[in-house]
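Contents: one structure, followed by commentary.
None of these values were measured; they are calculated from a predicted model.
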Amino acid sequence: MLDLNWLKTFVTLAEVKHFGKTAAELHMTQPNVSLHIKQLEQNTKAKLIERNPVLLTPAGKRLLKSAKMMLGELQICQADLNAINELTQGTLSIAASDIVSRLLLIHPFQRFKNDYPGIDLALFNTTSAQAVELVKSARADIGFVIAQKESQPLHFTALTQIQWCAFGDDLFASDWGEQDKPTLILLGHDTRTRELIDASLPKLALPKYRVMEVGSVEAQIDWAQAGFGTAIVPDFSLHTKAALTRTVTHLEAFPATDFGYIVRQNQVLSKAAKQLLGWVEEYAQSTDWH
């Protein structure tokens with residue numbers, strides 16, 4: 001019988017490819033990591049890992065495929081069992097961006113803590129793409145995302161629509177020269193927001209522009225406020241910032257984008273999780289996002 005702790009150690013080692021980092025990731029000692037791998041190899045009667053550097057053998061690659069599937073299913077199962085048992089102690093995990101958290105979740109979270117004091121709220125600060133992966137693997141119970149298409153294994157519920165705006169220098173000024181063409185402050189290419197913006201930029205009919213990439217919507221707004229260019233952001237994101245002085249131009253040419261939350265298809269939601277989502281939906285509908 002293969003111990004689940006051995007498999008978890010093996011999967012983590014396969015991902016980080018370093019015994020010391022695996023120990024730190026799992027809050028173990030390095031000798032215990034080595035012991036788990038040794039016990040796993042003894043029980044499978046197969047060499048799974050080459051040391052120095054850490055590489056999976058063909059047997060290790062085969063075990064990794066099944067181990068990841070098994071551990072993932074067990075995590076999903078445990079999340080559903082917690083919901084079925086109406087867990088009143090434990091953790092409810094939410095994946096959302098920092099902007100969304102501060103604009104949309106603070107008030108519902110306050111109500112949640114008053115009614116469910118025994119349940120902790122864990123908040124992952126993520127992009128929409130990261131939230132999708134966290135919910136798929138059941139590491140997060142609920143994810144808040146933009147532009148999510150209904151697809152297996154996720155169910156998307158729309159809460160509102162996002163409009164887009166340009167914050168900063170006047171993009172449409174007539175006196176831009178070759179040397180001072182506008183700078184667009186955008187998120188990196190690894191985000192869903194950037195995909196949406198890139199698809200819509202031709203609608204602005206800007207002849208030429210520079211691009212400055214940053215890592216968050218917060219950074220976009222800060223750099224634009226400091227005069228480094230124009231940030232193209234969801235208009236609700238400006239509501240979280242005080243004393244902004246740069247020009248705000250609503251981008252009517254950009255199509256509106258659905259914003260909402262995702263859960264796994266057929267996921268069992270606890271009474272507490274349903275109540276939280278009800279409060280978030282109520283707050284989203286009562287808030288002036290635009």
Shortest non-hydrogen contact from [X] toward [Y]:
X: F259; Y: V100; result: CZ-CG1, 3.6 Å
X: Q220; Y: L186; result: NE2-CA, 3.6 Å
X: K203; Y: A253; result: CD-O, 3.0 Å
X: Q30; Y: G20; result: OE1-CA, 3.4 Å
X: L48; Y: E41; result: N-OE2, 2.8 Å

Within a strict 4.5 Å, meaning less than it, do heavy atoms of the [X] and [Y] side chains meet?
X: I232; Y: L204; value: yes
X: L121; Y: L105; value: no
X: V217; Y: F236; value: no
X: I142; Y: I262; value: no
X: Y116; Y: K271; value: yes
X: V54; Y: L13; value: yes
X: F19; Y: R51; value: yes
X: T230; Y: T183; value: no

If you count heavy atoms of other groups shown closer than 6.0 angstrom to [atom1] of [X], is the number above 12?
X: K38; atom1: NZ; result: no
X: W223; atom1: CH2; result: no
X: K113; atom1: NZ; result: yes
X: N266; atom1: CG; result: no
X: Q225; atom1: CD; result: yes
X: F228; atom1: CZ; result: no

Any chain of hydrophobic side-chain contacts (each under 4.5 Å) joining [X] to [Y]?
X: V145; Y: L276; value: no
X: L40; Y: L35; value: no
X: L55; Y: I49; value: no
X: L206; Y: I185; value: no
X: F124; Y: F112; value: no

Can you list, pair by pair, the side-chain donor-acceptor contacts under 3.5 Å of residues 193-202, counting residues two or more places apart and other chains?
| from | atom 1 | to | atom 2 | distance (Å) |
| --- | --- | --- | --- | --- |
| R194 | NE | D198 | OD1 | 2.8 |
| R194 | NE | D198 | OD2 | 3.2 |
| R194 | NH1 | L187 | O | 2.6 |
| R194 | NH1 | E213 | OE2 | 2.9 |
| R194 | NH2 | H189 | NE2 | 3.3 |
| S200 | OG | L196 | O | 3.2 |

What's the verdict on salt bridge (Lys or Arg N to Asp or Glu O under 4.0 Å) for E282 and R111, showing C-alpha distance, side-chain angles and the deciding distance? CA-CA 12 Å; E282 177 185 316; R111 296 180 68 177; 3.2 Å; yes
Ignoring hydrogens and geometry beyond distance, is a side-chain donor-acceptor pair present between T160 and Q285 at under 3.5 Å? no
For residues 126-140, tabulate all N or O donor-acceptor pairs below 3.5 Å that involve a side-chain atom, not counting sequence neighbours.
| from | atom 1 | to | atom 2 | distance (Å) |
| --- | --- | --- | --- | --- |
| T127 | OG1 | Q130 | N | 3.2 |
| T127 | OG1 | Q130 | OE1 | 3.4 |
| S128 | OG | I146 | N | 3.1 |
| Q130 | OE1 | T127 | N | 2.9 |
| S137 | OG | E133 | O | 3.1 |
| S137 | OG | L134 | O | 3.2 |
| S137 | OG | R139 | NE | 2.8 |

Atom [atom1] in [X], atom [atom2] in [Y]: separation rounded to 0.5 Å?
X: T44; Y: F10; atom1: OG1; atom2: CZ; result: 8.5 Å
X: F167; Y: T245; atom1: CZ; atom2: OG1; result: 6.5 Å
X: S34; Y: M28; atom1: OG; atom2: CE; result: 9.0 Å
X: F144; Y: L123; atom1: CZ; atom2: CG; result: 9.5 Å
X: H36; Y: T22; atom1: NE2; atom2: OG1; result: 12.0 Å
X: L277; Y: W279; atom1: CG; atom2: CH2; result: 11.0 Å

Checking V263 against D141 for the side chain to side chain contact (heavy atoms under 4.5 Å, CB included) test, could you report, in this order, the C-alpha distance in whole Å, the side-chain angles of both residues, the deciding distance, and whether it holds? CA-CA 7 Å; V263 295; D141 300 293; over 6 Å; no
Sidechain-backbone polar pair: [X] side chain, [Y] backbone, donor-acceptor under 3.5 Å:
X: R264; Y: P153; result: no
X: N125; Y: S97; result: no
X: K21; Y: H18; result: no

Take S237 and I221 through the test side chain to side chain contact (heavy atoms under 4.5 Å, CB included) and record every step on the way to the result. CA-CA 9 Å; S237 64; I221 296 171; 3.8 Å; yes
Please test L4 against M70 for side chain to side chain contact (heavy atoms under 4.5 Å, CB included), starting from the C-alpha separation and ending with a verdict. CA-CA 9 Å; L4 289 177; M70 183 191 311; 4.1 Å; yes
Does D258 form a side chain to side chain contact (heavy atoms under 4.5 Å, CB included) with F156? I'd like the steps, not just the answer. CA-CA 10 Å; D258 282 335; F156 174 71; 4.2 Å; yes
Verify salt bridge (Lys or Arg N to Asp or Glu O under 4.0 Å) between R102 and E218, making sure each step is shown before the conclusion. CA-CA 11 Å; R102 287 188 286 119; E218 278 279 294; 2.5 Å; yes
